[in-house]
Structure formats: structure tokens, C-alpha cells
Amino acid sequence: MTAAKPSAAALIAWQRTHGRHELPWQRTRDPYRVWLSEIMLQQTQVSTVVGYYERFLQRFPDVQALAAAPQDEVLALWSGLGYYSRARHLHACAKAVVECHGGAFPRSSAALAKLPGIGRSTASAIAAFCFGERTAILDGNVKRVLTRALGFDADLTVAANEKRLWQHAEALLPKDGIEAYTQGLMDLGATICTLRRPACDACPWRAPCVARAQGRPEAYPVKTRKLKRGQRDNSLLLLSAGRQLWLVQRPTPGVWAGLWSLPEYDAEAVALLLLADRGPGEIERLPAVRHVLTHFDWQLRPWHWRLPEKVAASTRSRIERSLPPGRWFHVDEALAAGLPAPVRKLIEALA
Ligand code: SF4
């Protein structure tokens, strides 16, 4: 490491002149709004989050409104943002704030971190922005900035090393101006010290930065243990009768938990089921969709079974009994529900 340390003062000055100041969640110290934005921004780009953030606030203007909403409605509004466990935790957190804290978010990072879905870094960001607490953040972007600036080359998949990086993050904190410093770190990670080809010439920490001096910023952060990605292959049944669709609610826990989706089968099983015991109507194989999730790649093979609108009640109930438990949705009702993104696309194409 170099003798000169990255300075908080330089980052604060840079943030005030070159940082972001117009994001919708920056014009407030309301912890409900800051919390909502922080959760939405995890693993999601600012440009995607803005519309969702505004729609959420319109429907749920405060934590009480969110806590009182049915989970289905929260998931429906979240639909398309991905990582749905965030939405379920968000809802659970709103309920905890109302039930255990009288509707007011706790004012310290330590207490915030005890709420569902709020990790240490998110708790610190809320406490710094809303209550001026002098506390460090360390999300994925900030890890990248700090490991590069400090030349911190220990493997971050080892918990003890991550703990040391937290200590470095704390040692860099300014005495005053925690809001601008925290925002500065976020802005630097999002706009300058990017994953590929960081814009080092525009960086307030270019002079002390170790990775830049070494000419290899992209070598940081060091993570040796690679995530092993799995593969899954399933068929989906899109059963329609006129403008009606059969949807099933996904089990909790699991992928897409709580969302409404299409009946899912092992790839081979559905073909056999449909072809061997088909009812009336047409069956069409739709193009396969590849969906990438955190831990696996999912090959989804949709089949569209178009029932005639008028089917004998006995035939219809025989078909319903052969399906996973669910219910009929009008296509418009389906599109207003919480749906996984690939399923939404299939239904939109149908609509
Ligand atoms: S100088 Fe470059 S690598 Fe170093 S912190 Fe700044 S942008 Fe990142």
C-alpha cells in the first residue's frame, strides 16, 4: 500500500461538484424513502429503479400503507425488478417497523440492521443519510472502489478479509460531512470506478490509488472462489381458454416465491402428459427462453394449449383436476398480478 491514503475531504469536494444530486431519493431525509431506494438499488441500475420507486411511492406513500397492503399487491408492483426475496423482505420490514417501532424507523445503524432484509451496509446508508450517523457502507460497488484505491488484494470470499476491509472503510470516514462522503463513494462506484475500464483520470482518488499506479484496476477486488452455476430445464404450460389463463402461485421459499406463474413440469414429463392425455384444443410448442438467475441458468420450454372457449363443464373440471392447484385469471388480471419477467413476456405476447 502507498503512504498517501485516499482522503475523505477530496471525495466530499468531488461529490459536491461532480456527484449526483438529482436522484429522486436524494431530496429527502425520510428513512422510508431512503430505505425503499436502497433496497431497490441492490443489484439493479438507477435507470431501472426510478420508475419503480415513483410507482411504489404513489401506491404506498408511507410505511403504514406498505405494511397494510396484501403481499400479492407488493409483488405485483415489484414485478420485473427481479430478486423477489427483496420485495418479500421489504414487506416484512414495513410490518416490523409498524408493529415493533410504532411506525418510525429506528435511528441507529445497529437497530436498523436488525430489521428484515436490511444488511449492515444498507443500515449504514440509511443511518448516514437520514440521521447523520458516522458509519461505513460496503456494498459491491464500494468494495470495488476501496480495494482498488487501497490496493487491498486479499481474497474477499474469506470472511476475515472482508472484516479487515470493513475496518479500512471505517478508518477512512470523515469527521464531518458523512452524507456527502457516503454519496460520494456510491457515485464514484457507479460512474467512475466502474467494473470495466474505470475513468481514473476523472477520479478524486487517482493520486493515492494503488490499483491505478499498478496499471491494473480490473484485478480488484480479488475473489478466488467462483460461484458454481447450475443448469435447469423445465417445461411451462400456458393453458388458455379464450381470454382466461390458468396460473399457479409459486411456493415459498423457492425461486419466484409468492409470484403467479405457469404450471411447471420436468421437460420431458409435460410433453408426455400433453400428448398422451390431451383434452380438446390445439397444442403449440413456443420458442424456448433462457432465464439467468443468480445460481443457475434456466431453460424454459413453454407449451401453449389453447382450449376452445366453450368446453363441457365436465371436461373442463377434469382438466383442472389434472393441473397443479391454481385458478383462472383473465389476461388483464394476470398482467396486473406479480409475475416473473419471462412469464409476463409470454402472456403479453398472447394478449
Ligand atoms: S483511480 Fe481509478 S481505480 Fe483508483 S479508485 Fe479511482 S477510478 Fe478506481
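Just follow the structure's listing: the first ligand is 1, and inside any ligand the first atom is 1.
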Exercise. Can we call the ring centroids of His91 and Trp78 under 6.0 Å apart?
Worked result: no
Problem set entry | Residue Arg148 vicinity, atoms of ligand 1 by number, heavy atom under 4.0 Å | 3 (S)
Seminar exercise, completed: When distances are taken from atom 6 (Fe) of ligand 1, the protein heavy atom at minimum range is Cys203 SG, 2.3 Å
For this session: Validate the cation-pi geometry between Arg327 and Trp260: distance from NZ or CZ to the six-membered ring centre under 6.0 Å, angle to the ring axis within 45°.
Result: yes
For this session: Tell me whether Cys193 has at least one N, O or S atom under 2.8 Å from atom 8 (Fe) of ligand 1.
Result: yes
For this session: Find all atoms of ligand 1 within a distance of less than 4.0 Å from any non-hydrogen atom belonging to Arg206, and give their numbers and elements.
Result: 1 (S)
Exercise. Salt bridge or not for Arg301 and Asp233, using N-O below 4.0 Å?
Worked result: yes
Exercise. Are the aromatic rings of Trp256 and Trp298 close, with centres under 6.0 Å apart?
Worked result: yes
Exercise. Can Arg86 be said to sit on top of Tyr83's aromatic six-ring, NZ or CZ under 6.0 Å from centre and within 45° of the ring axis?
Worked result: no
Seminar exercise, completed: Near Pro217 (heavy-atom distance under 4.0 Å), the atoms of ligand 1 are 3 (S)
Problem set entry | Presence of N, O or S from Cys200 under 2.8 Å of atom 2 (Fe) of ligand 1 | yes
Problem set entry | Between Gln42 and Asp139, a side-chain donor and acceptor under 3.5 Å | no
Exercise. Do you see an N/O/S atom of Cys209, backbone or side chain, under 2.8 Å from atom 4 (Fe) of ligand 1?
Worked result: yes
